[in-house]
Amino acid sequence: MNRSILVLATVAGLAAAFPAAAQFAKPEDAVKYRKGAFTVMAAHFGRVAAMANGRIPFDAKAAAENAEIATMVSKLPFAGFIDGTDKGETRAKPEIWTEQDKFKAAATKMQDAMEKLNVAAKSGNVDTLKAAAGTVGQACKGCHDTYRKE
Ligand code: ASC
C-alpha cells in the first residue's frame with residue numbers, strides 16, 4: 001500500500017471510529033445526518049423488535065445481524081445535535097440544548113440498552129431478546145416523550 005493511501009485509510013478509519021467528530025458544512029446537514037441515523041437505527045431495531053413481539057417469525061441469524069447494525073448506528077445520531085440545529089425541519093425540542101447533560105444521559109441509556117440487545121441477539125434465546133428489546137423500546141420512548149415534539 002502506498003503512503004498516501006495508508007494515510008487516507010487511517011483518516012477514514014478514525015472518522016468511522018469517532019462519529020462525534022462528524023463535521024457538517026451547514027446546520028441543515030447535521031439535522032439530515034441525525035434523522036438519517038435514526039431512520040436506519042429504527043429500521044434495524046424494528047426488525048428485531050418485530051421478532052421479539054412475535055409480529056414476524058424469530059430468525060436468530062437475522063436478529064443478530066440487525067441488532068449488530070442497530071447497535072453500531074445508535075452511536076451516530078447524537079453528533080448531529082450541534083448548536084444552531086434547534087430550528088428548521090426538526091421536531092427536536094429546545095430542552096435538548098438547555099439540559100444537555102440530561103439529554104446525553106438519555107442517549108447513553110439507549111446506547112447501553114442497545115449493547116445489551118446486541119448481546120441478547122447473539123445468544124439466540126428469544127426470551128432474553130424479548131426483555132432486551134423491551135428495554136431499548138422504553139429508552140427510545142423516554143427520549144421521544146421528553147425531547148421530541150409531536
Ligand atoms: C421502535 C422505533 C421507535 C421506538 C419506539 C418505542 O421500533 O422506531 O422509535 O421503537 O416506538 O416506543
Side-chain angles (χ1 to χ4, degrees), residues 11-150:
V11 169
L14 285 173
F18 300 106
Q23 296 293 310
F24 305 102
K26 305 189 291 293
E28 306 92 271
D29 293 347
V31 173
K32 273 191 220 160
Y33 173 88
R34 71 196 187 211
K35 284 184 176 179
F38 282 129
T39 300
V40 173
M41 179 168 69
H44 293 276
F45 171 63
R47 277 171 217 157
V48 181
M51 287 184 219
N53 295 336
R55 269 184 286 126
I56 60 172
F58 177 61
D59 171 340
K61 186 169 179 281
E65 284 172 358
N66 283 290
E68 178 78 23
I69 296 169
T71 302
M72 192 169 64
V73 177
S74 73
K75 318 288 185 211
L76 303 181
F78 303 98
F81 288 92
I82 53 172
D83 287 350
T85 61
D86 56 338
K87 40 195 168 298
E89 305 261 309
T90 181
R91 285 189 287 164
K93 284 191 183 168
E95 285 79 3
I96 290 170
W97 292 274
T98 55
E99 29 182 87
Q100 291 190 20
D101 290 353
K102 274 202 204 161
F103 180 65
K104 177 86 177 60
T108 303
K109 195 172 171 184
M110 181 279 287
Q111 291 165 333
D112 290 350
M114 202 66 97
E115 295 276 6
K116 290 192 177 116
L117 178 79
N118 197 22
V119 173
K122 284 184 169 58
S123 80
N125 180 314
V126 74
D127 292 322
T128 314
L129 186 71
K130 227 175 252 186
T135 308
V136 171
Q138 281 165 17
C140 297
K141 185 176 187 302
C143 221
H144 294 162
D145 289 350
T146 316
Y147 296 112
R148 189 174 74 173
K149 290 176 203 158
E150 288 303 308

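Note that ligands are numbered from 1 as they come in the structure, with each ligand's atoms numbered from 1 the same way. Note that these values count all heavy atoms, side chains included, but never hydrogens, waters or copies made by symmetry. Numbering of residues begins at 1 and proceeds along the displayed sequence.
- At a heavy-atom distance under 4.0 Å, no atom of Q138 approaches ligand 1.
- By the 4.0 Å N-to-carboxylate-O rule, K116 lies too far from D112 to be salt-bridged with it.
- Between W97 and F81, the ring-plane angle classifies as tilted under the 30° and 60° cut-offs.
- When only non-hydrogen protein atoms are considered, atom 10 (O) of ligand 1 lies nearest to F45 CE2, 3.6 Å.
- Listed by chain and residue number, Y147 satisfy the side chain to side chain donor-acceptor pair (under 3.5 Å) test with E99 (two or more places apart in sequence, or in another chain).
- Under the side chain to side chain donor-acceptor pair (under 3.5 Å) criterion, T85 pairs with R34, not counting sequence neighbours.
- Of the heavy atoms in A49, none comes closer than 4.0 Å to ligand 1.
- Here the protein heavy atom with the shortest distance to atom 9 (O) of ligand 1 is H144 CE1, 3.1 Å.
- Considering N53, N118, L117 in turn, L117 is the only one that fulfils the side-chain contact (heavy atoms from CB on, under 4.5 Å) rule with V48.
- Residues E68 and T71 fail the side-chain proximity criterion, which asks for heavy atoms closer than 4.5 Å.
- Annotation for ligand 1: atoms under 4.0 Å from non-hydrogen atoms of G137 are 6 (C), 12 (O).
- In this structure, atom 2 (C) of ligand 1 has no protein heavy-atom contact shorter than 4.0 Å.
- The protein reaches atom 7 (O) of ligand 1 closely, with a heavy atom under 4.0 angstrom from it.
- Against a heavy-atom cut-off of under 4.0 Å, A42 is close to the following atoms of ligand 1: 8 (O).
- The closest non-hydrogen atom to atom 4 (C) of ligand 1, taken over C143, C140, G46, comes from C140.
- Other residues, nucleotides and ligands contribute only 12 or fewer heavy atoms inside 6.0 Å of the CG atom of D101.
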